[in-house]
Amino acid sequence: MNDLLEKYKETRKETERICKTLLVEDYNLQAAFFVSPAKWHLGHTSWFFEQFVLKEASSNYEEFCPKYSFIFNSYYQTFGEKIVRNKRGLLSRPIVEKVFEYRKYIDQQIQELLEKSISEEFQKTIYLGIQHEQQHQELLLTDIKFNFYQNPLKPAFDSTFQRIFAKNKTKQKWVKIPEGLYTIGHQKDSFCYDNELGVHQVFLQEFEISNQYVTNREYLEFMEDGGYEDFRLWLDEGWNWVTKNQLESPLYWEKTKGNWKQFTLSGEKNLDLDSILCHVSFYEANAFANWKKMRLPTEFEWEIASDTFEWGERWEWTNSAYLPYPNFKVSADAKGEYNGKFMSNQMVLRGSSCVTSKGHSRKTYRNFFHPEESWQFSGIRLVK
Ligand SMILES: [Fe+2]
């Protein structure tokens with residue numbers, strides 16, 4: 001139980017550490033419906049513990065503010081009405097200070113609960129809340145980046161943040177994986193999300209996968225070869241997305257006086273050609289692979305091959321739709337809304353990124369986003 005409390009405290013502290021360089025004006029920015037203000041992330045992660053643990057654990061539990069459930073509920077229909085997603089940035093109240101007070105209140109209540117003896121079920125839910133908060137730690141950074149990018153002054157969030165410039169560490173080679181029957185899914189006793197369960201077998205044809213990520217240099221070659229102008233490289237929806245938005249480069253790339261720049265968490269920088277490519281959508285990843293006359297791995301190929309290469313710098317787009325594994329079970333309570341209801345029109349990404357929280361990655365992890373989304377730290381690995 002003490003280990004759980006320690007893990008809880010460490011995670012909550014880390015969320016607040018991430019926000020250390022934010023100024024009060026920064027906390028409420030919401031530049032698009034798909035990003036959330038930092039203040040909202042701080043409140044929502046606390047609400048999760050309040051709703052899923054504290055209210056369930058005691059009928060006498062007194063909420064910090066009963067109205068908070070409406071503003072900090074993300075997508076849980078089980079808990080009733082909630083603020084529309086794109087209006088989170090309009091929450092000038094509660095003020096930032098109040099949200100930090102809310103966090104303290106929740107921390108105090110969770111600590112008291114964990115100092116008593118609580119059921120294994122509650123312990124598991126607290127652990128889920130910790131994992132949930134770690135997911136939001138990454139979202140905080142991806143959302144801050146997108147929000148700061150809208151400011152023409154291109155402010156730096158953290159001038160020490162350099163991991164976006166990471167390079168492939170080993171020489172390029174193709175790893176051959178023989179055809180055969182392989183087991184997919186989380187097979188250990190440790191924590192995983194429900195969408196990783198339902199261990200099952202898949203048959204894979206022989207394939208070769210790159211031990212490296214695609215770099216900025218390679219992607220620039222694709223651009224300079226007319227990659228964004230050739231409809232034959234794109235899926236139809238991808239081509240519509242490119243033409244509608246008049247896209248010519250990945251998110252955060254801008255050409256100034258003939259030089260490519262990239263916006264980073266440490267401000268605007270020259271594009272580093274040898275760095276690992278970041279912030280591409282599935283459509284872009286797929287078009288690039290077509291241009292190379294190769295393809296993206298399926299999520300199963302990725303999982304089986306993942307011990308043969310280094311990963312963890314970019315979420316890697318796979319060619320797999322986000323679907324339930326055989327025997328996938330949806331929990332009957334609100335926890336059933338965590339993953340399962342999103343299994344339509346999204347693609348799976350595997351691995352983790354340079355802004356994923358420490359310890360929050362494993363080779364069976366299934367991340368998922370819509371094919372046009374690119375504000376996550378997403379990249380490409382090829383298969384031939
Ligand atoms: Fe959430």
Side-chain angles (χ1 to χ4, degrees), residues 1-20 22 27 36 38-65 68-69 71-76 78-79 94 96-144 186 188-196 331 333-339 352 355-362 365 367:
M1 202 93 90
N2 277 345
D3 284 355
L4 187 57
L5 182 57
E6 275 319 299
K7 179 91 185 146
Y8 173 86
K9 283 183 177 170
E10 193 186 293
T11 309
R12 300 282 285 173
K13 219 162 103 188
E14 174 60 13
T15 308
E16 296 184 10
R17 191 202 58 77
I18 290 169
C19 297
K20 270 273 175 318
L22 289 179
Y27 273 94
S36 296
K39 186 170 75 178
W40 186 87
H41 285 294
L42 293 171
H44 165 70
T45 45
S46 308
W47 167 84
F48 192 94
F49 287 107
E50 184 168 61
Q51 189 67 56
F52 282 83
V53 181
L54 298 170
K55 281 190 189 175
E56 292 291 320
S58 160
S59 51
N60 305 324
Y61 173 73
E62 215 172 296
E63 287 166 280
F64 181 77
C65 172
Y68 280 10
S69 188
I71 58 171
F72 291 132
N73 179 357
S74 50
Y75 53 66
Y76 293 90
T78 309
F79 303 128
V96 174
E97 207 182 317
K98 202 77 187 161
V99 173
F100 275 101
E101 265 177 49
Y102 178 41
R103 287 182 69 84
K104 258 204 192 109
Y105 179 81
I106 298 299
D107 290 348
Q108 188 57 39
Q109 302 287 329
I110 291 283
Q111 176 154 353
E112 281 171 23
L113 199 64
L114 279 171
E115 280 164 357
K116 290 185 229 155
S117 136
I118 56 166
S119 70
E120 202 179 319
E121 206 43 44
F122 275 124
Q123 291 180 48
K124 276 190 184 162
T125 310
I126 292 175
Y127 201 74
L128 177 68
I130 291 170
Q131 299 293 317
H132 170 253
E133 181 136 353
Q134 287 185 322
Q135 282 184 293
H136 278 273
Q137 288 169 354
E138 176 159 1
L139 285 170
L140 261 167
L141 290 165
T142 51
D143 293 0
I144 287 168
H186 188 81
K188 299 179 182 161
D189 288 335
S190 52
F191 175 86
C192 74
Y193 288 116
D194 55 0
N195 60 6
E196 298 162 64
S331 169
D333 60 12
K335 279 178 245 161
E337 292 192 60
Y338 201 109
N339 281 313
S352 58
V355 291
T356 304
S357 299
K358 237 164 124 197
H360 191 83
S361 62
R362 56 191 166 269
Y365 198 110
N367 204 351

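Here the structure is a predicted model, which is why all the values come from computation and not from measurement.
How far CD1 of Ile110 is from CD1 of Ile126: 4.5 Å, rounded to the nearest 0.5 Å. Taken from CD in Gln51 to CD1 in Ile106, the straight-line distance is 10.0 Å, to the nearest 0.5 Å. Rounding to the nearest 0.5 Å places CG of Leu54 at 6.5 Å from CG of Leu113. Rounding to the nearest 0.5 angstrom, the gap separating the OG atom in Ser58 from the CD1 atom in Ile118 is 12.5 Å. For the atom pair Lys9 NZ and Leu114 CG, the distance stands at 10.0 Å (nearest 0.5 Å). A distance of 11.0 Å separates NZ of Lys124 from CZ of Phe191, quoted to the nearest 0.5 Å.
Put simply, the side chain of Val53 does not reach to within 4.5 Å of the side chain of Gln109, judged on heavy atoms. Between Phe48 and Leu128, the closest side-chain pair of non-hydrogen atoms falls below 4.5 Å. Here the side chains of His136 and Leu139 are in contact, with some heavy-atom distance below 4.5 Å. Ile130 is listed as a side-chain neighbour of Phe49, based on a closest heavy-atom distance under 4.5 Å. Looking only at side-chain heavy atoms (C-beta outward), Cys19 and Leu140 come within less than 4.5 Å of each other.
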Can you check salt bridge (Lys or Arg N to Asp or Glu O under 4.0 Å) on Lys13 and Glu16, steps first, answer last? CA-CA 5 Å; Lys13 219 162 103 188; Glu16 296 184 10; over 6 Å; no
Could you walk me through whether His360 and Ser352 pass side-chain contact (heavy atoms from CB on, under 4.5 Å), step by step? CA-CA 8 Å; His360 191 83; Ser352 58; over 6 Å; no
As a quick check of understanding, evaluate salt bridge (Lys or Arg N to Asp or Glu O under 4.0 Å) for Glu101 and Lys104, giving each step before the final call. CA-CA 5 Å; Glu101 265 177 49; Lys104 258 204 192 109; over 6 Å; no
I'd like to know whether Glu121 forms a salt bridge (Lys or Arg N to Asp or Glu O under 4.0 Å) with Lys335, so could you lay out the CA-CA distance, the side-chain angles of the two residues, the decisive distance to 0.1 Å, and finally the verdict. CA-CA 12 Å; Glu121 206 43 44; Lys335 279 178 245 161; 3.7 Å; yes
Report the C-alpha distance between Asp333 and Thr78 in whole Å, list the side-chain angles of each, state the deciding distance to 0.1 Å, and finish with yes or no for side-chain contact (heavy atoms from CB on, under 4.5 Å). CA-CA 8 Å; Asp333 60 12; Thr78 309; over 6 Å; no
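Here the shortest heavy-atom pairing between Trp40 and Asn73 reads CZ2-O, 4.1 Å. Nearest approach of Tyr68 to Pro94, heavy atoms of both residues: OH-CB, 3.2 Å. Summarising the geometry of Leu42 relative to Arg103, their closest heavy-atom pair is O-NH1, 3.1 Å, with the distance given to 0.1 Å. For the pair Cys192 and Arg362, the tightest heavy-atom approach, listed with the atom from each and the gap, is CA-NH2, 3.6 Å. The heavy-atom pair separating Leu22 from Ala38 by the smallest distance is CD1-CB, 3.6 Å. Considering all non-hydrogen atoms of both residues, Lys358 and Gln134 come closest at O-NE2, 3.6 Å.
No side-chain donor-acceptor contact under 3.5 Å links Gln131 and Gln135. No side-chain N or O of Tyr338 forms a donor-acceptor pair with one of His132 less than 3.5 Å apart. Looking only at atom types and distance, the side chain of Gln137 has a donor-acceptor partner in the side chain of Ser357 under 3.5 Å away.
In this structure, Gln111 contributes its side chain and Leu5 its backbone to no donor-acceptor pair below 3.5 Å. At distances below 3.5 Å, not a single donor-acceptor pair connects side-chain atoms of Glu337 with backbone N or O atoms of Ala334. Looking at Thr15, its side chain does come within 3.5 Å of a backbone N or O of Thr11 through a donor-acceptor pair.
Ring geometry, Tyr102 versus Phe72: the interplanar angle falls under 30°, so the pair is classed parallel (tilted spans 30 to 60°). In this pair, Tyr105 and Phe64 present their aromatic rings tilted. The plane angle is within the 30 to 60° band.
The 12-atom threshold is not exceeded at NZ of Lys98, counting heavy atoms of other residues, nucleotides or ligands nearer than 6.0 Å.
Scored by the side-chain hydrogen bond (donor to acceptor under 3.5 Å, both in side chains) test, Asp107 finds Tyr8, Arg12 as partners (sequence neighbours excluded).
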